[in-house]
*Asks:* 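Handing you this structure, nothing more for now.
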Amino acid sequence: MSPPERYNAPVVEAKWRSHWDEADLYRTHNDDPRPKYYVLEMFPYPSGRLHMGHVRNYTMGDVVARYRRARGYNVLHPMGWDAFGMPAENAAMRTKIHPAQWTYDNIAAMRAQLKSMGLSIDWSREFATCDVAYYHQQQRLFLALLEAGLVTRKTSRVNWDPEDMTVLANEQVIDGRGWRSGALVEQRELSQWFFKITDFAEDLLEALGTLERWPDKVRLMQRNWIGRSEGLFLRFKYTTPSPDGQTTLDVFTTRPDTIFGASFMAVSPGHPLAKAAAEANPDIAEFIAECERMGTSAVEIEKAEKKGVPLNLRVAHPFDETKTLPVYVANFILMDYGTGAIFGCPAHDQRDLDFARKYDLPVTAVVRPSDADDTFAVGNEAFTGVGRLFNSRFLDGMSIEQAKAAVADKMEAREIDGAPQGRREVNFRLRDWGISRQRYWGCPIPVVHCPACGIVPVPEADLPVKLPDDVTFDTPGNPLDHHPTFSKVACPRCGADARRETDTMDTFVDSSWYFARFTAPEADTPINTEAMEAWLPVDQYIGGVEHAILHLLYSRFFMRAVDRAGFGKCHEPFAGLFTQGMVTHETYKNEAGQWLFPDEVELREGKAVHAKTGAPVIVGAIEKMSKTSKNVVDPDDIISTYGADTARFFMLSDTPPERDIEWTDAGVDAAHRFVQRVWRLVGEAVPRFGEPGTGDGLELRKASHAHIRDITNDIESLAFNRAVARLYEWSHAIQKAIAAPQTPGAVLREALDQMIRAFAPMMPHLAEECWEAIGNQGFAAAAAWPDYDPALLVETTVTLPVQVNGKKRAEVTVPKDAANDDIERAVLALDEVKRFLDGKTPRKVIIVPQRIVNVVA
RNA sequence: GCGAGAGUGGCGGAAUUGGUAGACGCAGACGACUCAAAAUCGUCCGCCGCAAGGCUUGGGGGUUCGAGUCCCCCCUCUCGCACCA
């Protein structure tokens, strides 16, 4: 017998891809009557090259898409490009290539790479967010949200990234640094556009509970980010005139129960009162300036001492007429949260306690763990646990909850200057989403600033506001500001000379509705209501956990906003979310400490050496693949050497998809061996298809049907690594059956037919080649998922492990429906059991049907 | 500091509701085929022990006939948030 021909993946794969294209196999029609299934992977930024993280992400999505198609769903599996953003402008500054050209060139390159992976994508729906057609619709969406009252313009302190020269949202500041540039973020006062995400804070929080197919981790992160807390808005009356002209100092507190422990008031350095006081007092001005210089990084906050300056102002205690409280400006009060002012209760808040100890303010405990504890006092650790009130007049003896309610009731009933002194309030940590960016390569905000009319939306007929092509990047700042004519425009309302808005939108706006656009990418409205409502929510969304807050929260907000603006209902955009792990690789350095690429390194006699020079190489930690540490493997190299199926299979093997996977040559080899092995099995089996065989082949049939059942469960639960392990077992079973002359050819054929269908979602090209080889018609990619026959999985006997005193000592095979008495008799007759009983009589025999037997002596 | 998750062979990792720990893959050992090599196939492969047997899921306790799985305490690592009143 001549050796089977080796499977030439690169050649075979290209052939099948062109057949799929000719058959237009993956186009999805909105009017298809089958039940829908929407699979989406987070669309890529067109950086220029596909990396292994993309390969992993899109492989998983493609398995789900192909599996659902085989199960009879009308599957939507589109692809697009998150194409606006800074890197294109950085490239323009560096190389003088226009951002548009750079971006579209990159898209072309990456599209070709994606296509070489054999993904079952409906490319007819492709778009890039920088397409005029897309951002035109986004401008219409913006105006619709403006109309609906969901967009505001306000002056506020913003995070300014001095390197990218743009504003960042709070979500984009990490440890006091810009999320992209890494530069230390500064605070600036600017007039900005905001989306009113806080309008939906309650609902965004509440609805997290309905997202059952999201990771708990992501839901928790969003819950914390939204940060709901219930408390009391409370007004303290000044006993001395205040420099800001107000009669009360207003605070928000979640601990109104501790009001009798209050010993001072404090306001943020950014508070209007502090600013007013600073005008008259240079010491205060100096303190505020000092606070603004202080960094916001984690370490600096950790180390920063609680500091403050008295404002020489006092307020009245609301319940103790004998008491007034001094007002400070303090460095640990955030202007962003609540009212930017607090009452300090040192005994029950650590920060307040630190502050009080430093400035020698009274520390009065008002909650104690037990009523019996008469000596309870607070040292240098605030008491924040549960307990009962004391030292608190009418609150004495109450629980914290009772006391909170009692204080709130009294304050709501009492008035100062015609308004209630207190108000129960819910506060959120979530801030409105600032979307203004002072950059060129983004969606222009379609408004005009008119000296007479104020803010005027660009009329429908004048849309889109197109980005001018003739821009330069040699001066810092926003190129749109430097453009000779872009900002010069007549007011659409009065015709006077006006200024066009030059800010563009945060690119997270682009990605907050693209999944809705995919449902009707050609629609002449931003969203086709019918298509969106039919397709959304996305049934399975797959991407990196790094988007747990930003993109996923913004998208949830957008669907609510879009609903309010009348475009249709889709409460939650993503019904199922899966966050996949990263792709890692060993790192290498030469003796000079310079990073080396993996393909520069070779193993010789178990030692890593430089392939060309033979110089020793230091093997470092396993880290996420990144350009800086050079531990990258180019998908193109793998696909052109081993084929896409090998890369795909490797990505699904061994490691659970939510964990980081280590890319290793050995792992790729193993995946490739499996591809070859399957092809070889088909080659060996086909000549046997006509043979009757001397047996019934029942063993193989049982194994196949059990594997189908298990692989189905594995793919449904996205446990691809388990499905891969079962495919290995299945191939071993088939290999044995081929070698056994008993196996009828028809049974071999059935098993191969089933296995090909089962691995087709993972290795679609190999599936087609095998499909054809076993004589099937049509495409494996269009074939139905294999069924299994439960009757074949029913056994007549069962082998039970037998334990003596909890340790396994033997096995016993009994009829499946054997009576416990019979099993017990059989077990006690076993030599092994007798030996380990050592003459003792068993006290008890525990029989768990179908599971285990335990003899207890 | 707060919150979440994870610790299983040399490695990646399996293990329904508590029921045979280590599936499958990698690496390794031996063997077959071959003039030889590659490829492939077969056997072995947690630790100690010649064996019988004993030990073993980060450590320590507990519940149970039986614990990787449940409970309590501790250790380590990863991630997220971070002065949120």
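A note on names: the letters A, B, ... follow the listed sequences, proteins ahead of strands, and every chain is numbered from 1. No hydrogens, no waters, no symmetry mates; every other heavy atom, side chains included, goes into these values.
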*Asks:* Pick base, sugar-phosphate or nothing for A:L800, based on heavy-atom distances below 4.0 Å to the nucleic acid.
*Replies:*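 It contacts nothing in the nucleic acid.
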*Asks:* Quick check for you: among B:U20, B:A85, B:A14, whose closest atom lies nearest to any side-chain atom of A:P801?
*Replies:*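 For the A:P801 side chain, the nearest candidate turns out to be B:U20.
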*Asks:* Is B:C70 paired to anything, Watson-Crick or G-U wobble with both distances less than 3.5 Å, and if yes, which nucleotide?
*Replies:* B:G62
*Asks:* Let me know the distance between CD of A:E658 and C1' of B:G80, rounded to the nearest Å.
*Replies:* 17 Å
*Asks:* Taking the nucleotide of RNA chain B with the nearest heavy atom to each, does A:V856 or A:E811 sit closer to the 5' end?
*Replies:* A:E811
*Asks:* Would you say a side-chain N or O of A:R677 is under 4.0 Å from OP1 or OP2 of B:C41?
*Replies:*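 Yes, within the criterion.
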*Asks:* If pairing requires Watson-Crick or G-U wobble contacts with both distances under 3.5 Å, which nucleotide is the partner of B:U34?
*Replies:* none
*Asks:* If I take atom CG in residue A:D710 and atom P in nucleotide B:C24, what distance separates them, rounded to the nearest angstrom?
*Replies:*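 Rounded to whole Å, this separation is 14 Å.
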*Asks:* Mind calculating the distance between NE2 (A:H732) and P (B:G42) to the nearest angstrom?
*Replies:*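 Roughly 8 Å, once rounded to whole Å.
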*Asks:* What's the CD1-P distance between A:I738 and B:C41, to the nearest Å?
*Replies:* 11 Å
*Asks:* Applying a 4.0 Å non-hydrogen cut-off, can you work out what A:S229 is touching in the nucleic acid: base, sugar-phosphate, or nothing?
*Replies:* sugar-phosphate
*Asks:* If B:G1 has a Watson-Crick or G-U wobble mate with both distances under 3.5 Å, name it; if not, just say none.
*Replies:*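 WC or wobble partner is B:C81.
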*Asks:* Heavy-atom nearest nucleotide on RNA chain B for A:N224 versus A:G227: which residue maps closer to 5'?
*Replies:* A:N224
*Asks:* Are OP1 or OP2 of B:G3 and a side-chain N or O of A:R223 less than 4.0 angstrom apart?
*Replies:*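 Indeed not, no polar side-chain atom of A:R223 lies that close.
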*Asks:* Regarding A:L220, tell me which of base, sugar-phosphate or nothing describes its non-hydrogen contacts under 4.0 Å with the strands shown.
*Replies:*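 If one applies the 4.0 Å heavy-atom cut-off, A:L220 turns out to touch the sugar-phosphate alone, with no base involved.
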*Asks:* Taking N and O atoms by type only, does the side chain of A:R851 place a donor or acceptor under 3.5 Å from a partner on the base of B:U17?
*Replies:*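 When only heavy-atom distances are counted, A:R851 does reach the base of B:U17 through a donor-acceptor pair under 3.5 Å.
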*Asks:* Going by purine N1 to pyrimidine N3 plus the second Watson-Crick contact, or the G-U wobble pair, all under 3.5 Å, which nucleotide sits opposite B:G9?
*Replies:*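 Because no pair has both required distances under 3.5 Å, B:G9 counts as unpaired.
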*Asks:* Looking at A:K306, is its backbone amide N or carbonyl O close enough to the side chain of A:R351 to form a donor-acceptor pair, meaning the two atoms are under 3.5 Å apart?
*Replies:* no
*Asks:* Using a 90° cut-off around 0 for syn, call B:G42 syn or anti.
*Replies:*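 Classified anti.
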*Asks:* Would you classify A:F836 as touching base, sugar-phosphate or nothing, given that sugar-phosphate means primed atoms plus P, OP1 and OP2, and contacts are heavy atoms under 4.0 Å?
*Replies:*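 Sugar-phosphate only.
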*Asks:* Any N or O donor-acceptor pair linking the side chain of A:K217 to the base of B:C79 at under 3.5 Å?
*Replies:* no
*Asks:* Could you let me know what B:C50 is paired to, Watson-Crick or G-U wobble, both distances under 3.5 Å, or none if it's on its own?
*Replies:*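 Pairing partner, where one exists within any strand: none, as none qualifies.
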*Asks:* Closer than 4.0 Å, any side-chain N/O of A:N427 to the OP1 or OP2 of B:C84?
*Replies:* no
*Asks:* With a 4.0 Å cut-off, would you call A:E230 and A:K404 a salt bridge?
*Replies:* no
*Asks:* Quick one: label A:E729 by what it contacts on the DNA or RNA (base, sugar-phosphate, nothing), any heavy atom closer than 4.0 Å.
*Replies:* sugar-phosphate
*Asks:* Between A:S653 and B:G12, is there a contact of a side-chain N or O with OP1 or OP2 at under 4.0 Å?
*Replies:*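 Looking at the OP1 and OP2 atoms of B:G12, neither is under 4.0 Å from any side-chain N or O of A:S653.
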*Asks:* Just to confirm, is there a sub-4.0 Å distance from OP1 or OP2 of B:A82 to any side-chain nitrogen or oxygen of A:R429?
*Replies:*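 The answer is yes; a side-chain N or O of A:R429 sits under 4.0 Å from OP1 or OP2.
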*Asks:* Scan A:N721 against the nucleic acid and name what it touches under 4.0 Å (heavy atoms): base, sugar-phosphate only, or nothing.
*Replies:*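 Since only primed, P, OP1 and OP2 atoms lie under 4.0 Å of A:N721, the category is sugar-phosphate.
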*Asks:* Is A:R726 close enough to B:A14 that one of its side-chain N or O atoms is under 4.0 Å from OP1 or OP2 there?
*Replies:*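 It does not, given that no N or O in the side chain of A:R726 lies less than 4.0 Å from OP1 or OP2 of B:A14.
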*Asks:* Strictly below 4.0 Å: does A:Q735 bring a side-chain N or O up to OP1 or OP2 of B:C41?
*Replies:* yes
*Asks:* Judged by atom type as modelled, is there a donor-acceptor pair below 3.5 Å linking the side chain of A:Y359 to the main-chain atoms of A:G308?
*Replies:* yes
*Asks:* Indicate, with a heavy-atom threshold strictly under 4.0 Å, whether A:R673 touches base, sugar-phosphate, or nothing.
*Replies:* sugar-phosphate
*Asks:* Please check the phosphate of B:U40 (OP1 and OP2 only) for any side-chain N or O of A:R6 closer than 4.0 Å.
*Replies:* no
*Asks:* What integer distance in Å separates A:E586:CD from B:C11:C1'?
*Replies:* 11 Å
*Asks:* Atom CD1 of A:I549 and atom C1' of B:C79: how far apart are they, to the nearest Å?
*Replies:*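 Taking atom C1' of B:C79 as the reference, CD1 of A:I549 is at 12 Å.
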*Asks:* Taking a pair as Watson-Crick or G-U wobble with both distances under 3.5 Å, which nucleotide is matched to B:C45?
*Replies:*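 In the structure as shown, B:C45 has no Watson-Crick or wobble partner.
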*Asks:* So, is A:K807 close to the B:C55 phosphate, meaning a side-chain N or O under 4.0 Å from OP1 or OP2?
*Replies:*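 Checking B:C55 against A:K807, a side-chain N or O does come within under 4.0 Å of OP1 or OP2.
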*Asks:* Check the angle between the aromatic planes of A:H348 and A:F383 and answer parallel, tilted or perpendicular using the 30° and 60° thresholds.
*Replies:*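 Perpendicular, since the angle between the ring planes exceeds 60°.
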*Asks:* What does B:U16 pair with, Watson-Crick or G-U, if both distances are under 3.5 Å?
*Replies:* none
*Asks:* Could you state the CG-P distance from A:D665 to B:C11, rounded to the nearest angstrom?
*Replies:*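 Spelled out: CG on A:D665 to P on B:C11 is 20 Å.
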*Asks:* Determine: side-chain N/O of A:Y337 to OP1/OP2 of B:A85, distance under 4.0 Å, yes or no.
*Replies:* yes
*Asks:* With no hydrogens and no angle check, is any side-chain donor or acceptor of A:Q350 less than 3.5 Å from a backbone partner on A:E381?
*Replies:* no
*Asks:* Whole angstrom is fine here: how far is it from CZ in A:R809 over to C1' in B:C65?
*Replies:* 15 Å
*Asks:* Are A:K702 and A:E699 close enough for a salt bridge, meaning some N to O gap below 4.0 Å?
*Replies:*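 Judged by the 4.0 Å cut-off on N to carboxylate O distance, A:K702 and A:E699 do not form a salt bridge.
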*Asks:* Which nucleotide sits closest to the side chain of A:A725: B:C41, B:C24, B:A14?
*Replies:* B:C24
*Asks:* Is the shortest heavy-atom distance from the side chain of A:R6 to the side chain of A:Q676 under 4.5 Å?
*Replies:*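 A side-chain contact exists here, since the closest heavy-atom pair is under 4.5 Å.
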*Asks:* So what does A:D349 hit on the nucleic acid, given a heavy-atom distance under 4.0 Å: a base, only sugar-phosphate, or nothing?
*Replies:*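 No contact.
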*Asks:* Is a side-chain N or O of A:N631 found less than 3.5 angstrom from the main chain of A:H585, in a donor-acceptor match?
*Replies:* yes
